[in-house]
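Note on naming: letters A, B, ... go to the chains in the order of the sequence lines (proteins, then strands), and numbering restarts at 1 for each one.
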Amino acid sequence: MLRDAWAVFAKDLRIEAKTRVGLWQVLPFAVIALVTFAFALGPGKSALSAAAAGMCWVGVAFSSVLVVGRSQGIEREHGVRTAQRLAGIDPAGVFLGKTGAVAVQLAVIEAVLGAGAVGLLGYHVHRLWLLLAASVLATIGLAAVGTIYGALTGAARARETLLPMLVLPIVIPVLIAGVRCWQAASVASGPRFGVWLSVLGAFAVIYVAAGVVLYGQIEEVQ
Amino acid sequence: MPGRLEGVEAVDVVQVVALDGGFPVLAGVDFSAPRGSVTAVLGSNGAGKTSLLRTLAGLTSVASGTGQVLGVSVARPERGLVGRVGLLGHDTGCYEDLSPAANLRFLSRILRADPRRADAVLARVGLTGRLGTTAMAELSAGQRRRGALAQLVLRAPELWLLDEPHASLDGDGRALVDSVMEDAASQGMTVVFTSHDPAGAARVADQVCTMAGGVVTDRQDGDRRGPHAA
């Protein structure tokens, strides 16, 4: 399983490196979303600073739908999924590899949006470890959920609209917990964050486990 | 090849009715193919040729009928055919953003095969030099077909199912497909392919079946004389 996962992970990132869809389309979308939110909130520095974490995570959640759509699209086109199924690739390995590749791309988006929040919105980082821990767990959760639902909606005709309709409501706990953790990371001490970090960890573990177990059956149905 | 039994039918199905989205695509097919043989399936568009191949690959649900494919029940193949059957359809089955070489390297990792074998396979299908390292999407239809064929050659499954493998190919390409099928059969693998060219198909096949309306309507000997010929 892990060898297949590594092969899929490396292949997906190789395709992204060649096509640069994420770099030229998804990343600009995320930045535009952040800037649009900033314009909507107005020039008040304190309002922007207070909303920075939320703006970043909403941008990441929206971007995750695009990244997942692309990730599933390359499997769906030209009969690749059928060919690999017949070749005997481990579905759990496919899930882990694709989740990993999606997570890497989301991490890049988070880094850019985080830098934008610091540079443009006045967001301060006081507890970097908390920010990083929350980001890693939230990213894994978002990537796992997206990959599961991306495969589920793969055969649907209206998959482009179905995917965000299904994924965005499910990742609301990740958004809330991610925002709370980032807000806690922006002050030296204060808000309790343990429970939110636990939510992110539980979400990631549950959906990764579900994907490993169910991904083969999902592909079979599709 | 291990597990191959001389003289035993690789495929032997009786009165198979298959459904695709509730629509009957096979209406009671009787079909058999000995191990190590090459079988051509002819028929007009919509006759059920592609559906037959997809059913033998375990990709289409069987509503009724009996028989086996590589010893696995045709009615309930589940995962019994995974890794043992290769299907070359109208799609390439390749990542179009990657080159044929990169596609084969990826497949080699999945199969735990020697990555150096990928180079030999590329040479076998005539995708050497720059053709091997150009993205599939940038190749011609015939070259992409060769790239797809390379995946099957690398996998070397027990049962090869090729849906109009000569389509989009020039004379050299057609000869290549014929020789690849001949090589596979001579090594004990079983080949079933569809075609719209009766004379060309008969030349390379042990048997030629004709389909119409989702059933096999005729079966004749081909010109090839495989290991089971009298």
- Message: Among H196(B), K49(B), R145(B), exactly one meets side-chain hydrogen bond (donor to acceptor under 3.5 Å, both in side chains) together with E164(B). Which residue is that?
- Response: H196(B)

- Item | Which of R109(B), R112(B), Q151(B) touches chain A most, by non-hydrogen pairs under 4.5 Å | R112(B)

- Message: Looking only at the side chains, is there a donor atom on one of H90(B) and D163(B) sitting less than 3.5 Å from an acceptor on the other?
- Response: yes

- Flag the pair R130(B) and E138(B) as a salt bridge only when some basic side-chain nitrogen lies within less than 4.0 angstrom of an acidic carboxylate oxygen. no

- Item | R3(A)/D90(A) salt bridge by N-O under 4.0 Å criterion | no

- Query: Which residue out of G89(B), C94(B), G86(B) racks up the most heavy-atom pairs below 4.5 Å with chain A?
  - Reply: C94(B)

- Portion of L88(B) that has a non-hydrogen atom of chain A nearer than 4.5 angstrom: neither

- Item | Heavy-atom proximity to chain A below 4.5 Å, by part of L111(B) | side chain

- Query: Most heavy-atom pairs under 4.5 angstrom with chain B, which of G93(A), A10(A), A7(A)?
  - Reply: A7(A)

- Residues T139(A) and E110(A): side-chain donor-acceptor under 3.5 angstrom: yes

